[in-house]
Amino acid sequence: MGSTRMGITWDEYREHDAVGLAELVKSGAVSPVELLEAALARADAVEPTLNAIRHRLDDDARTRARGPLSGPFAGVPFLIKDLGQHLAGVPTGSGNRSLARFPRPETSTVVRRWLDAGLVVFGRTATPEFGARAITEPVAGGPTRNPWDPSRTPGGSSGGSAAAVAAGVVPVAGGNDGGGSIRIPAAACGLFGLKPGRGGVPSGPDVDEVFHGAAVQGVLSRTVRDSAAMLDVLAGSAPEDPYRVAPAERPYADAVVDDPRPLRIGLTTVSSLGGPVDPEAAAAVRDAGELLTGLGHVVEESAPAIDGQRLATDFLTTWFAMVAAEVAAAREFTGCAEGDFEIETRIMAAIGRSLPAPGYLATQSRWHQHTRALSAFHERYDMLLTPTTARPAWPIGEFDLARPVRLAARGLLAARIGGVLGRMRLVEKLAVANLEPAPFTQLANVTGRPASSVPLARTSSGLPLGIQFVGRPGSEPELLALAAQLERARPWAHLRPSPPDSPPLPDSPPLPDSPSAA
């Protein structure tokens with residue numbers, strides 16, 4: 001690239017993270033239009049395989065790229081998630097076919113902050129219906145595939161964003177996390193994912209907080225510094241927030257420059273649900289422990305004194321109630337029928353509607369008990385270290401309900417017997433589908449603690465594996481500093497997907513001369 005600005009190839013585009021691309025724009029080495037065309041060309045090349053972008057906004061993005069832009073990410077292409085990240089005048093489908101037809105009346109606070117930062121939004125990424133599963137296989141739009149192996153899931157619910165970032169469509173993309181929905185796809189796709197703590201990033205203006213504050217907004221990125229700089233853009237209370245969180249003492253971007261202080265870290269590889277943990281996932285955590293020890297940290301085998309089965313039940317009870325509320329809100333907004341939702345969504349909603357109010361309040365009380373247990377752990381340890389997921393990305397379709405089960409569920413739904421559904425083994429299957437492959441992530445959501453997934457390992461077949469850190473309230477700077485230290489010790493951003501046993505994802509051809517050079 002030179003001063004003549006003759007365009008940018010995808011290889012040149014892929015070499016830079018979002019901070020780096022913004023620096024190129026600021027220096028005049030490349031224009032926002034050229035960056036956007038590189039992103040669009042890459043999206044066109046990989047979308048037939050990945051199916052990661054649910055709604056394209058090419059024309060609007062081209063208009064924005066030609067206009068004046070300012071902010072720390074001025075001119076950088078960006079994708080927002082098709083769930084909880086509204087753009088006025090554009091539908092937010094939330095993985096549902098009916099919602100995908102109804103434009104939203106206002107822009108979410110986080111999206112406004114991204115636009116104010118100068119990002120060029122050109123699409124919305126795929127998500128499961130209402131983000132309710134750890135896979136991205138909605139009936140409306142079909143499954144999204146993992147760039148590292150298209151026969152496998154990119155995880156969920158921010159699976160479309162993860163697939164797009166891993167494939168090099170954008171260096172960073174919007175996500176949100178209510179039970180692991182940033183960290184699970186980050187682990188599946190070889191990315192860094194930070195879930196901020198409760199209340200640190202606004203959810204409004206249409207809602208005050210989501211899932212009792214357990215669901216938060218964030219991003220998935222290839223580099224730690226991108227997530228840090230993005231948190232500087234997103235963090236900070238908004239007027240409509242139910243409470244205010246104290247701001248960080250210094251910019252999050254500064255936290256990734258220096259190594260963290262020596263930390264005391266408790267390590268466990270045991271699933272809180274008692275299910276199996278892939279030996280390679282466990283080995284990745286132990287290897288990380290050895291690396292951390294070599295970097296000056298103290299790592300010991302230890303875990304919070306939490307009943308994992310009780311935590312899972314309490315999480316799912318509240319989750320099913322939230323899905324019921326989401327279905328009711330969608331029906332009111334669109335006028336659609338109950339049958340316009342996926343069978344798994346209808347099952348969860350029916351169970352949620354059958355929950356008695358006293359039982360729901362008891363569940364919320366136990367959330368606070370889990371928080372106290374984790375707080376006791378953090379009195380001794382700065383961080384909890386676990387696998388992010390119990391195994392690498394699993395095959396697409398693995399958790400589809402069998403036809404006889406689906407037929408039985410349809411009959412019970414038609415009879416409006418939600419309580420019976422709640423007692424069926426069908427619920428156990430839903431729990432397994434949602435929690436057993438990733439039993440480590442929900443703790444941070446229930447307790448409101450910040451947590452990260454670091455792409456530090458690969459399986460023997462080359463699939464990514466993530467390791468998770470859970471910190472104390474307000475520990476986002478330490479989580480970022482620790483991840484950056486690991487990134488310097490064992491870099492990962494240069495790694496590119498090479499799917500096994502399938503044709504590689506296509507390289508984008510060099511772009512023609514950009515019209516913006518005139």
Chemist: Within this structure, what is the OG1-CG distance for the pair Thr389 and Leu465, rounded to the nearest 0.5 Å?
Modeler: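 So the OG1 of Thr389 and the CG of Leu465 are separated by 6.5 Å.
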Chemist: When you compare the side chain of Glu436 with that of Pro439, does any pair of heavy atoms fall below 4.5 Å?
Modeler: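 Sidechains of Glu436 and Pro439: no contact.
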Chemist: Counting C-beta onward and ignoring hydrogens, is there a side-chain heavy-atom pair between Arg353 and Ile351 closer than 4.5 Å?
Modeler: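 Result no, sub-4.5 Å side-chain heavy-atom pair not found.
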Chemist: Taking salt bridge (Lys or Arg N to Asp or Glu O under 4.0 Å) as the criterion, tell me which of Arg62, Arg66, Arg42 meets it with Glu37.
Modeler: Arg62
Chemist: When you look at Asp177 and Lys195, which way does the salt bridge (Lys or Arg N to Asp or Glu O under 4.0 Å) test go after all the steps?
Modeler: CA-CA 6 Å; Asp177 192 316; Lys195 181 199 84 70; over 6 Å; no
Chemist: Taking salt bridge (charged side-chain N to carboxylate O under 4.0 Å, His left out) as the test, write out the residues that go with Asp44, two or more places apart.
Modeler: Arg56
Chemist: State whether Asp340 and Arg97 are salt-bridged, where the test is any N-O pair (Lys NZ or Arg NE/NH1/NH2 against Asp/Glu carboxylate O) under 4.0 Å.
Modeler: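 Salt bridge absent between Asp340 and Arg97.
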Chemist: Please assess Gln85 against Ser108 for the test side-chain hydrogen bond (donor to acceptor under 3.5 Å, both in side chains), listing each intermediate value before the final yes or no.
Modeler: CA-CA 6 Å; Gln85 297 176 358; Ser108 296; over 6 Å; no
Chemist: Decide whether Asp314 and His370 meet the rule of one side-chain donor and one side-chain acceptor closer than 3.5 Å.
Modeler: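 Per modelled atom types, Asp314 and His370 side chains form a pair under 3.5 Å.
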Chemist: Evaluate the criterion side-chain contact (heavy atoms from CB on, under 4.5 Å) for residue pair Leu83 and Arg124; output intermediate values, then yes/no.
Modeler: CA-CA 9 Å; Leu83 174 70; Arg124 308 184 63 87; over 6 Å; no
Chemist: Quick one: do Glu209 and Tyr243 satisfy side-chain hydrogen bond (donor to acceptor under 3.5 Å, both in side chains)? Show the steps, please.
Modeler: CA-CA 10 Å; Glu209 61 177 9; Tyr243 45 81; 2.9 Å; yes
Chemist: With the threshold set at 4.0 Å, does a side-chain nitrogen-carboxylate oxygen contact exist between Asp226 and Arg222?
Modeler: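 Here Asp226 does not pair with Arg222 in a salt bridge, since their nearest N and O are not under 4.0 Å apart.
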Chemist: Only counting residues at least two apart or in another chain, list the ones meeting side-chain contact (heavy atoms from CB on, under 4.5 Å) with Ala74.
Modeler: Leu69
Chemist: Kindly indicate whether the side chain of Gln309, heavy atoms from C-beta on, has any atom under 4.5 Å from the side chain of Leu273.
Modeler: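 The answer is yes; the side chains approach within 4.5 Å.
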Chemist: Do the ring planes of Trp367 and Phe211 sit parallel (below 30°), tilted (30 to 60°) or perpendicular (above 60°)?
Modeler: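 Trp367 and Phe211: perpendicular rings.
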Chemist: Please report the C-alpha distance between Thr153 and Trp394 in whole Å, then the side-chain angles of each, then the deciding distance to 0.1 Å, and finally whether the side-chain contact (heavy atoms from CB on, under 4.5 Å) criterion is met.
Modeler: CA-CA 6 Å; Thr153 181; Trp394 40 97; 3.7 Å; yes
Chemist: Can Asp116 and Arg112 be counted as an ion pair, charged N to O under 4.0 angstrom?
Modeler: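 Looking at Asp116 and Arg112, the cut-off is met.
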Chemist: Hey, are the side chains of Phe73 and Val19 touching, using non-hydrogen atoms and a 4.5 Å cut-off?
Modeler: yes
Chemist: May I ask you to test the His86-Val111 pair for a side-chain heavy-atom distance under 4.5 Å?
Modeler: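 Side chain of His86 against side chain of Val111, heavy atoms only: no contact under 4.5 Å found.
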Chemist: Which atom names give the shortest non-hydrogen contact between Leu374 and Val470, and what distance separates them?
Modeler: CD2-CG1, 4.2 Å
Chemist: Any side-chain heavy atom of Thr441 sitting closer than 4.5 Å to one from Gln468?
Modeler: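 SC-SC contact between Thr441 and Gln468 confirmed.
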Chemist: Run the side-chain contact (heavy atoms from CB on, under 4.5 Å) check on Val216 and Asn176 step by step: do they pass?
Modeler: CA-CA 6 Å; Val216 295; Asn176 35 50; over 6 Å; no
Chemist: Regarding Arg331 and the six-membered ring of Phe341, is the cationic atom NZ or CZ under 6.0 Å from the ring centre and inside 45° of its axis?
Modeler: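 Not satisfied by the 6.0 Å and 45° rule.
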Chemist: Test side-chain contact (heavy atoms from CB on, under 4.5 Å) on Leu35 and Val25; report intermediate values, then the result.
Modeler: CA-CA 9 Å; Leu35 291 185; Val25 171; 3.4 Å; yes
Chemist: Could you walk me through whether Lys81 and Thr125 pass the side-chain hydrogen bond (donor to acceptor under 3.5 Å, both in side chains) check?
Modeler: CA-CA 5 Å; Lys81 183 176 175 179; Thr125 58; over 6 Å; no
Chemist: What's the shortest heavy-atom distance between Ala162 and Pro185, and which atoms?
Modeler: CB-CB, 3.5 Å
Chemist: Rounded to the nearest 0.5 Å, how far does OH of Tyr252 lie from CG of Leu194?
Modeler: 9.0 Å
Chemist: Please determine if Glu137 and Arg152 form a salt bridge, counting it only when a charged side-chain N lies under 4.0 Å from a carboxylate O.
Modeler: no
Chemist: Could you pull out all residues at least two apart from Asp307 that satisfy salt bridge (charged side-chain N to carboxylate O under 4.0 Å, His left out)?
Modeler: none
Chemist: Would Arg183 and Asn445 count as a side-chain hydrogen bond (donor to acceptor under 3.5 Å, both in side chains) if you check the C-alpha gap in whole Å, the side-chain angles of each, and the deciding distance to 0.1 Å?
Modeler: CA-CA 11 Å; Arg183 290 159 289 153; Asn445 298 90; 2.6 Å; yes
Chemist: Tell me, do Pro450 and Phe469 make a side-chain contact under 4.5 Å, heavy atoms counted?
Modeler: no
Chemist: Among side-chain atoms of Thr109 and Glu240, is any donor-acceptor pair under 3.5 angstrom?
Modeler: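 Glu240 and Thr109 do have a side-chain donor-acceptor pair below 3.5 Å.
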Chemist: Could you give me the CA-CA distance, side-chain angles and deciding distance for Arg64 and Asp60, then say whether salt bridge (Lys or Arg N to Asp or Glu O under 4.0 Å) is met?
Modeler: CA-CA 6 Å; Arg64 178 170 169 80; Asp60 291 344; over 6 Å; no
Chemist: Within this structure, what is the CG-CG distance for the pair Asn146 and Leu50, rounded to the nearest 0.5 Å?
Modeler: 8.5 Å
Chemist: Any non-hydrogen side-chain atom of Ser227 less than 4.5 Å from a side-chain atom of Phe192?
Modeler: yes
Chemist: I'd like to know if Asp278 pairs up with Arg391 as an ion pair, taking the criterion as any Lys NZ or Arg NE/NH1/NH2 lying under 4.0 Å from an Asp or Glu carboxylate oxygen.
Modeler: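 No, no charged N to carboxylate O under 4.0 Å.
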